[in-house]
Amino acid sequence: MKTILAVDDEEHILELIAYNLEAGGYEVRKAETGEEALEVLNREQVDLVLLDLMLPGIDGIEVLKQIRSDPVKRRLPVIMLTAKSDEISKVIGLELGADDYLGKPFGVHELLARIKAVLRRSGGELTRSSQEEEVLVVDQIVINKSSRVVSVDGKPVELSLKEFELLYLLVRNRGRVLSRDMLLEKIWGYDYLGETRTVDVHIRNLRKKIEKDDNHPQYIITVRGVGYKFARGSV
């Protein structure tokens, strides 16, 4: 049974989330502050965090930063809970490595669908064919699928789960234009209910990590009005 840490300072929302998650077959841990959330994460192993960004004391952004900077917890799936109008927090959260976000108020079915999709992807339930390449090389970029390790110029690069999957998909299809909708479908899943802006934020993060000059990318190229493609490089 998967364990989910739900973090929200509004008690009635926290209880509603916990009730529906338990009814959906999950074990639930609860926290009303960022400090409590970090305490739970330090003493217990959880499979996913539902993280409200507006928290007293240590806010959700800082909690997310600490999760992503921890070598043990950095791949822990995190779904942000934000006010629908709080666009800046959504973008900041995605840039820090959140796997998804859900705007308040949200429906129970939408919440469960998002959790299921993120757990499926983070749990390694990616389909593999016998012909799928395990190691991809483009110039000085090396991507090892089995170990999920990426290096640029011989130096390891830390990527979130979604960043890795996005890079791998683009490189496997290098030279081919992939639309934002296609990337959403392939990386976030059929039941993902987010926006194409999610793709743009992850692309921006990838460029910062693998491009020499992310303002003038030579690998991840924008095809205006369509999506993105990965330049073929020298291979």
Please determine if D8 and K104 form a salt bridge, counting it only when a charged side-chain N lies under 4.0 Å from a carboxylate O. yes
Consider only side-chain N and O atoms of K208 and N215, and report whether a donor and an acceptor are under 3.5 Å apart. no
Any donor-acceptor N/O pair, S179 side chain to M182 backbone, under 3.5 Å: yes
N-O pairing of R180 and D200 below 4.0 Å: yes
Separation between CG of L206 and NZ of K209, rounded to the nearest 0.5 Å: 7.5 Å
Counting C-beta onward and ignoring hydrogens, is there a side-chain heavy-atom pair between I210 and Q218 closer than 4.5 Å? no
Could you go through I17 and F106, starting from their C-alpha distance and side-chain angles, then the distance that decides it, and tell me whether this counts as side chain to side chain contact (heavy atoms under 4.5 Å, CB included)? CA-CA 10 Å; I17 290 173; F106 49 80; 4.0 Å; yes
Heavy atoms of D139 and V137 approach each other most closely as O-CG1, 3.7 Å
Donor-acceptor under 3.5 Å (D70 side chain, Q66 main chain): no
Got a second to check how far M54's CE is from M80's CE, nearest 0.5 Å? 13.0 Å
Is L81 close to V7 at the side-chain level, that is, under 4.5 Å between some pair of heavy atoms? no
Residues P56 and T33: closest non-hydrogen pair is CG-CG2, 4.0 Å
Which heavy atom of A37 sits nearest to which heavy atom of A31, and what is that distance? N-CB, 3.6 Å
Evaluate the side chain to side chain contact (heavy atoms under 4.5 Å, CB included) criterion for residues L48 and V78: first the C-alpha distance (whole Å), next the side-chain angles of each, then the deciding distance (0.1 Å), finally the verdict. CA-CA 6 Å; L48 181 144; V78 176; over 6 Å; no
Say you draw a straight line from CG of D59 to CG of D52; how long is it, rounded to the nearest 0.5 Å? 10.0 Å
Establish whether L102 and L16 are linked, either directly or via other cluster members, by ILVMFWY side-chain heavy-atom contacts under 4.5 Å. no
Step by step, work out the side chain to side chain contact (heavy atoms under 4.5 Å, CB included) result for L136 and Y168. CA-CA 8 Å; L136 301 177; Y168 186 82; 3.6 Å; yes
Answer with yes or no whether the hydrophobic clustering places V199 together with V226; edges join I, L, V, M, F, W, Y residues whose side-chain heavy atoms lie under 4.5 Å apart. no
Rounded distance (nearest 0.5 Å) linking atom CZ of R74 with atom OG of S160: 11.5 Å
Determine the sole option in L169, L161, L167 for which the side chain to side chain contact (heavy atoms under 4.5 Å, CB included) test with E165 is passed. L161
In Å and rounded to the nearest 0.5 Å, what is the OH to CD1 distance from Y228 to I221? 11.5 Å
Closer than 4.0 angstrom, basic N to acidic O: yes or no for D99 and R68? yes
Quick check against the 3.5 Å criterion: does E22 have a side-chain atom that pairs as donor or acceptor with the backbone of E27? no
Is there side-chain contact between I4 and V46, with heavy atoms separated by less than 4.5 Å? no
Taking the side chain as every heavy atom from C-beta outward, state whether F164 and V150 have any pair of such atoms under 4.5 Å apart. yes
Single-linkage hydrophobic cluster, 4.5 Å side-chain cutoff, V152 and I203 together: yes
In terms of side-chain geometry, is the basic nitrogen of E44 or R29 positioned less than 4.0 Å from the acidic oxygen of its partner? yes
Just by distance, no angles: are the side chains of D47 and Y26 close enough, under 3.5 Å, to form a donor-acceptor pair? no
Side-chain donor or acceptor of R204 paired with backbone N/O of V201 under 3.5 Å: no
Does the side chain of K145 come within less than 4.5 Å of V135's, by heavy atoms? no
K73 versus L41: any side-chain heavy-atom pair under 4.5 Å? yes
Does NZ belonging to K229 count more than 12 external heavy atoms closer than 6.0 Å? no
Between the main-chain N or O of E32 and the side-chain N or O of E36, is there a donor-acceptor pair closer than 3.5 Å? yes
Please report the C-alpha distance between H202 and T198 in whole Å, then the side-chain angles of each, then the deciding distance to 0.1 Å, and finally whether the side chain to side chain contact (heavy atoms under 4.5 Å, CB included) criterion is met. CA-CA 6 Å; H202 281 76; T198 301; 3.9 Å; yes
Less than 3.5 Å apart, any donor N or O on the side chain of D213 or H216 sitting next to an acceptor on the other? yes
For a quick test of reading the model, state the closest non-hydrogen atom pair linking L55 to G34 and the distance between them. CD1-N, 3.9 Å
Flag yes if V63 and L14 sit in one hydrophobic cluster, no otherwise; membership is Ile, Leu, Val, Met, Phe, Trp, Tyr, and two members link when side-chain heavy atoms are under 4.5 Å apart. no
Between V177 and V171, is there a shared hydrophobic cluster once you connect ILVMFWY residues whose side-chain heavy atoms come closer than 4.5 Å? no
Heavy-atom distance under 4.5 Å between the side chains of V49 and L76, does that happen here? yes
Rounded to the nearest 0.5 Å, what's the gap from CZ on R43 to CG on L38? Could you check? 11.5 Å
Check whether any side-chain heavy atom of L166 lies under 4.5 Å from a side-chain heavy atom of L183, and answer yes or no. yes
